[in-house]
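Read through the structure below, which is laid out as structure tokens, and then see the notes.
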Amino acid sequence: MVLKKWVKIVLFLLAAFVCSYIIFLTFNKAEEVELVKNAYIKSEEEAVLLYNVDFSNSITLTRGAKVTTNGKTIVNETTNKEYVEITYEDNKYLVFPLNLTYNEREVVGEKHLYIRTPVSVYQTLDTAHLISFIKKGEKVEVLDYDYLKEDGTVNKYKVKYNEIEGYIYAKYTVKTQAEALENYDSDGAYLTHASRKNYQGGGSAANLDYFPVEKPKFENNVMPTEVRSLYLNSGVIYNVDKYIELAKKSNINAFVVDIKDNTAPAYKSEVMQKYSPTNYEKAFSSIEKYKEAINKLKENGFYVIGRITVFKDNYYAKDHPEDTIMDTRTNASFLHNGSYWPSAYSRDVWEFNVELAKEAVLLMGFNEIQFDYVRFPDRTSSVESYLNYQNIYNEEKAQAIQNFLFYACDEIHSVGAYVSADVFGESAHNYVSGYGQYWGAISNVVDVISGMPYPELFNKYEYGFTEPVWTVPYDLLYFWGKNYVAKQQNLIPTPAIVRTWIQAYDITWRNPKTSYDAAMVSEEISGLYDAGLTGGYITWNAGSSLTKYEQLSPAFNKNYLGSD
């Protein structure tokens, strides 16, 4: 009995030992597995240098890349520096400990940045609402970011500046203040801009931004190489069938259609209802009826451009006098030639027009948004001292216009549409205009720039002509295009496509009166194209007269590019 008892004890102890050993092995195996952890490449730069385990070769890996590591370290005997062993795509590499993190949100290492191109500060990631503005050369603290692109660059940073926290586009920042304060100067072009005078109070060309801007190409929204456009105002869009019929037989491939003209909003937009109830109330039509007309244009294969007048808007001014240019003599909104002007310095005005544009793209399917009246009022020198422009960030006029277009392009590109801007023909001259338009600064930012060199509006003997310039449209527009526009385009690294407005109406108030028939309009287009401005044209006829367009059809049917 005693023997059996001892046998049981021995067997029990043996079983306990086996179980303990199994548990020990299992625990250690689990511990061994846990030692291999997921990690991420971290850096202040977009890519990090990795070495083979024998230090024979190196590769680069973008920050944010996911790797694994068991924490093993290796010391380079030559440099006495320590590295961590990692595995990436089944290959082992060595990386500095500082370039490794176990928290995916900590892969962006920069703590401070400097502003290279003036930036708008967004309140959140999911709205276009702006809460601040930061000028060139300023330092910001980095708090967070939204996401990394494939090349390791950040899309937007969350930053802190003067106790304000918000989001800015990373593409406008650099790592050092020295870089931030530099001006882009390709082949001395910046010095040419800087030498141009501020004759009329619009600001200095030297204070504008000329860094290259990446222009988008949307796979599902292809812009024709040559855009030949008819303009349709808000009143005629609902008779679109006849314009489509005319366009198809007249070599027209695009339409510019009003979304909002001053005192002529096209449809009852929800954005108008939110930001400008008077625009909503005064709109010509319902969303449904307007969309039906735009759909017809799209279904018939036309490239469709939505036109928005920005800083000339009586109805917005009525709703928000606090955002308008004020006349300090009356303490009321400044009335200029019968119109009120929301200030181009006002970020609320920016937001309204850009949100309207985005809504139109998403709801109507516009290929492009065209901004008109992207300027301050002209001919104000005699009353300038009486005007309060609400200039809260102390910008020059030309800076405000360019800064608005940076913001507008970022927002509208995000919904897959192109951006164009209308400018006076004078903006191509060798100075900054008093209303804030300077061709080079605008062309460098937008996708398309549309000058308005209507022969009717030039001085009678402009550029030294010996006959009234509007009677010789080919000579006039060739001279303007060759001697001003082409030279401006050559001064900037990423010029916009030039698509020019042409005069498509008769001149009745000047001497001599001049009928702009098909032959005269053909001369306009030929002069522009021969000067190298071959991106297309847009007919300006305020009434969008179908009869006039039919008369001009022979001019549209010509091939101005000289190729089949």
Side-chain angles (χ1 to χ4, degrees), residues 40-49 60-65 96 98-101 103-186 190 206-214 347 350 392-395 399-400 402-411 413-414 441 444-445 493-494:
Y40 304 90
I41 298 299
K42 172 184 178 179
S43 179
E44 294 183 15
E45 306 298 331
E46 288 72 36
V48 173
L49 195 64
T60 57
L61 196 60
T62 56
R63 64 179 173 182
F96 281 122
L98 290 176
N99 292 128
L100 203 63
T101 179
N103 185 340
E104 191 174 3
R105 291 302 302 171
E106 293 180 352
V107 298
V108 172
E110 47 267 43
K111 301 301 181 185
H112 295 92
L113 291 167
Y114 295 87
I115 305 303
R116 184 209 70 197
T117 294
V119 291
S120 296
V121 183
Y122 293 81
Q123 184 174 43
T124 64
L125 287 171
D126 56 358
T127 72
H129 182 59
L130 302 179
I131 55 173
S132 189
F133 176 74
I134 311 176
K135 292 189 174 183
K136 183 179 181 69
E138 293 294 299
K139 182 180 181 180
V140 297
E141 179 185 352
V142 176
L143 303 177
D144 200 357
Y145 66 99
D146 57 351
Y147 66 87
L148 288 178
K149 300 179 184 179
E150 289 184 1
D151 62 357
T153 57
V154 169
N155 180 56
K156 280 183 179 179
Y157 289 105
K158 183 177 183 180
V159 300
K160 184 176 182 180
Y161 175 74
N162 287 347
E163 304 307 315
I164 293 175
E165 295 183 8
Y167 293 86
I168 63 173
Y169 275 98
K171 61 187 175 182
Y172 301 127
T173 67
V174 289
K175 300 294 195 304
T176 69
Q177 190 172 44
E179 290 177 274
L181 292 173
E182 287 179 357
N183 292 297
Y184 185 81
D185 189 16
S186 177
Y190 176 76
N207 294 333
L208 299 169
D209 192 89
Y210 305 100
F211 277 88
V213 174
E214 184 178 357
R347 271 45 180 182
W350 291 17
I392 62 173
Y393 296 114
N394 195 28
E395 299 162 277
Q399 288 178 317
Q402 189 184 42
N403 292 334
F404 164 73
L405 291 171
F406 273 121
Y407 164 70
C409 286
D410 286 335
E411 286 295 304
H413 289 164
S414 74
N444 200 46
V445 176
T494 49

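Quick note: residue numbers are just sequence positions, from 1. Everything quoted here is computed from the prediction, not taken from an experiment.
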So among Phe133, Tyr157, Phe406, which one has a ring-ring contact (aromatic ring centres under 6.0 Å, His included) with Tyr172?
Phe406
Between Glu104 and Tyr40 (side chain of the first, backbone of the second, donor and acceptor by atom type, cut-off under 3.5 Å), is there such a pair?
no
If you define the side chain from C-beta out and look only at heavy atoms, does anything of Thr173 sit under 4.5 Å from Ile115?
yes
Matching residue for Val140 among Asn162, Val159, Ile164 - test: side chain to side chain contact (heavy atoms under 4.5 Å, CB included)
Val159
Any side-chain heavy atom of Lys136 within less than 4.5 Å of one from Asn207?
no
Contact check, side chains of Asn403 and Ser120, non-hydrogen atoms, under 4.5 Å
no
When you look at Lys135 and Asn394, which way does the side chain to side chain contact (heavy atoms under 4.5 Å, CB included) test go after all the steps?
CA-CA 10 Å; Lys135 292 189 174 183; Asn394 195 28; 3.9 Å; yes
Would Lys139 pass as a cation-pi partner of Tyr114, given that its NZ or CZ must be under 6.0 Å from the six-membered ring centre and within 45 degrees of the axis?
no
Note: Asp146 and Lys156 closest approach over all heavy atoms is OD1-N, 2.8 Å
Donor-acceptor pair, side chain of Glu165 and main chain of Lys160, under 3.5 angstrom:
no
Taking all atoms of both residues into account, what is the closest heavy-atom pair of Thr62 and Glu150, and its distance?
CG2-O, 3.8 Å
Checking the side chain of Asp185 only, and the main-chain atoms of Tyr190 only, is there a donor and an acceptor separated by less than 3.5 Å?
yes
Min side-chain heavy-atom separation Tyr122-Glu411 under 4.5 Å
yes
With a 4.5 Å heavy-atom cut-off, do Glu46 and Lys149 have their side chains touching?
no
Whether Asn99 side chain and Ile41 backbone form a donor-acceptor pair below 3.5 Å:
no
Just by distance, no angles: are the side chains of Tyr145 and Glu110 close enough, under 3.5 Å, to form a donor-acceptor pair?
no
Heavy-atom side-chain proximity of Val154 to Leu148 below 4.5 angstrom:
yes
Quick one: does Val107's side chain get under 4.5 Å of Thr101's, heavy atoms only?
yes
is_close_aromatic(Tyr184, Phe211), centroid dist under 6.0 Å
yes
Salt-bridged, Asp410 to Lys171, with N to O below 4.0 Å?
yes
Check step by step if side chain to side chain contact (heavy atoms under 4.5 Å, CB included) holds for Val108 and Arg63.
CA-CA 8 Å; Val108 172; Arg63 64 179 173 182; 4.0 Å; yes
Within the 4.5 Å heavy-atom criterion, are Val121 and Leu130 side-chain neighbours or not?
no
